[in-house]
Amino acid sequence: LLVSTRNAHKADEIREILGSNFIISDLSALSGFPEVEETGFTFQENAAIKALAASARFDGWVIADDSGLEVDALNGAPGVRSARFSGDSATDASNRALLLEKLFSVRGKARSARFRCVIALARQGEILANFSGSVEGIIIPQEKGTGGFGYDSLFVPEGHCETFAQLGANIKNTLSHR
Ligand code: ITT
């Protein structure tokens, strides 16, 4: 199964979730694969764009994951712009810093948020299915934990007291949007 992603953390999580019945490659296995512009306005549109781009070049099953964080106090931002929240040269750290800045004066339950993920499955240039998932939680005011990636060290899933970065991959994968 080819995962149409350049995000090694996503590919690793998908590998762990699917287990040993699947052999998973990502775009690093397709040499010279061009940058795909994510021009969609929804997770579903962007997942389809990424799945179809890889499916045009790879003769087998392809999945693409488009995901992000929706923060209620920011009217759903960063949403589909989660990876580039703090600009074109954004890093996970600069995105987290901007999120904390924007939520500086927001307290308690008003810091509610969810991770959302849409996975598109394609073969031979055609979308065969879409799957979506989400996980509700709260954005804490200070980073905690070193595991995971992206916004994990700021996100405490509902029913838990620790961030995804503290809970670790095994627990995250049983709860996550992915
Ligand atoms: P590809 O498009 O190559 O797959 P990407 O990282 O740019 O990689 P997206 O456009 O789907 O992927 O953006 C997803 C961003 O949302 C990701 O970079 C993180 O900032 C955030 N995100 C998604 N899932 C996450 C997770 O499980 N934990 C923390 N942050 C996550």
Side-chain angles (χ1 to χ4, degrees), residues 1-17 24-30 33-55 57-58 62-71 74 76-100 102 113-122 130-140 143-157 160 162-178:
L1 186 65
L2 176 71
V3 183
S4 180
T5 185
R6 292 187 192 281
N7 183 327
H9 298 286
K10 271 189 192 178
D12 283 345
E13 282 190 7
I14 290 168
R15 244 177 229 116
E16 285 162 13
I17 291 165
I24 308 280
S25 306
D26 60 32
L27 290 179
S28 61
L30 293 189
F33 190 80
E35 200 62 45
V36 178
E37 242 196 292
E38 294 180 35
T39 52
F41 293 99
T42 63
F43 294 120
Q44 185 162 342
E45 284 168 2
N46 283 336
I49 289 168
K50 291 187 274 192
L52 291 175
S55 184
R57 295 224 175 175
F58 174 78
V62 175
I63 61 173
D65 161 320
D66 201 63
S67 47
L69 182 70
E70 296 174 346
V71 179
L74 304 178
V80 291
R81 293 198 44 82
S82 292
R84 290 149 287 145
F85 188 35
S86 55
D88 286 340
S89 51
T91 62
D92 283 355
S94 68
N95 287 335
R96 289 192 298 268
L98 179 61
L99 180 63
L100 287 181
K102 285 190 183 285
R114 72 204 52 74
F115 276 120
R116 209 179 275 289
C117 175
V118 173
I119 300 237
L121 170 70
N130 291 291
F131 307 89
S132 64
S134 62
V135 55
E136 300 288 327
I138 285 280
I139 304 300
I140 56 168
E143 290 189 35
K144 285 189 184 166
T146 53
F149 70 102
Y151 301 91
D152 278 346
S153 55
L154 293 175
F155 184 85
V156 173
H160 291 261
E162 293 182 308
T163 65
F164 268 162
Q166 291 173 296
L167 289 168
N170 286 344
I171 296 177
K172 178 183 175 185
N173 288 341
T174 66
L175 304 169
S176 95
H177 51 309
R178 186 156 293 115

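The figures that follow rest on heavy atoms only: side chains count, while hydrogens, waters and symmetry mates do not. First listed ligand is number 1; within each ligand, the first listed atom is number 1.
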Check whether the side chains of S28 and D26 place a donor and an acceptor atom closer than 3.5 Å, and report yes or no. yes
May I ask you to identify the nearest protein heavy atom to atom 3 (O) of ligand 1, giving residue, atom name and distance to one decimal place in Å? R6 N, 2.9 Å
Return the closest protein heavy atom for atom 9 (P) of ligand 1 as residue, atom name and distance. K10 NZ, 3.5 Å
Just jot down the side chain to side chain contact (heavy atoms under 4.5 Å, CB included) partners of S176, sequence neighbours excluded, or say none. F164, K172, R178
E38: numbered ligand 1 atoms lying under 4.0 Å from its heavy atoms: 2 (O), 10 (O)
State plainly whether the residues K50 and E38 are in salt-bridge range, i.e. N to O under 4.0 Å. yes
Quick one, L69 with L154, criterion side-chain contact (heavy atoms from CB on, under 4.5 Å). Give me CA distance, side-chain angles, the key distance, then yes/no. CA-CA 11 Å; L69 182 70; L154 293 175; over 6 Å; no
Does K10 offer a backbone N or O that forms a donor-acceptor pair with the side chain of E13 under 3.5 Å? no
If we number the atoms of ligand 1 from 1 as shown, the ones under 4.0 Å from a heavy atom of D66 are 9 (P), 10 (O), 11 (O)
Given 3.5 Å as the limit, does a donor-acceptor pair link the side chain of D66 with the main chain of E45, or not? no
Suppose I only count heavy atoms of D65 and a 4.0 Å limit; which atoms of ligand 1 are within that range? 4 (O), 11 (O)
Ranked by distance from atom 6 (O) of ligand 1, the top protein heavy atom is N7 ND2, 2.9 Å
re atom 31 (C) of ligand 1, the protein heavy-atom contact at minimum distance is F115 CE2, 3.6 Å
If you scan protein heavy atoms around atom 16 (O) of ligand 1, the nearest is S82 CB, 3.4 Å
Any nitrogen or oxygen of H177, side chain or backbone, less than 3.5 Å from one on ligand 1? yes
The one among A8, A83, S67 that brings a heavy atom closest to atom 14 (C) of ligand 1: S67
Would the distance check show the side chain of Y151 and the main-chain N or O of S82 forming a donor-acceptor pair, the cut-off being under 3.5 Å? yes
Report yes if some heavy atom in the side chain of L27 is under 4.5 Å from a heavy atom in the side chain of S4; otherwise report no. yes
Tell me whether the rings of H177 and F115 are parallel (<30°), tilted (30 to 60°) or perpendicular (>60°). parallel
Given F149, F155, Y151, which has its nearest heavy atom closest to atom 25 (C) of ligand 1? F149
With atoms numbered from 1 as shown, which atoms in ligand 1 lie under 4.0 angstrom from a non-hydrogen atom of T5? 1 (P), 3 (O), 4 (O), 8 (O)
Quick test: of every protein heavy atom, which one is nearest to atom 28 (N) of ligand 1, and how far off is it to 0.1 Å? D152 OD1, 2.6 Å
Under 3.5 Å, side-chain donor or acceptor atoms of residues 131-139 against the rest of the protein: list the pairs with distances, not counting sequence neighbours.
unit_1	atom_1	unit_2	atom_2	d
E136	OE1	R114	NE	3.3
E136	OE1	R114	NH2	3.4
E136	OE2	R114	NE	2.9

Specify the protein heavy atom at minimum distance from atom 27 (O) of ligand 1: its residue, its atom name, and the distance to 0.1 Å. K172 NZ, 2.6 Å
Could you establish whether S176 and ligand 1 come within less than 4.0 Å of each other, counting only heavy atoms on the residue side? no
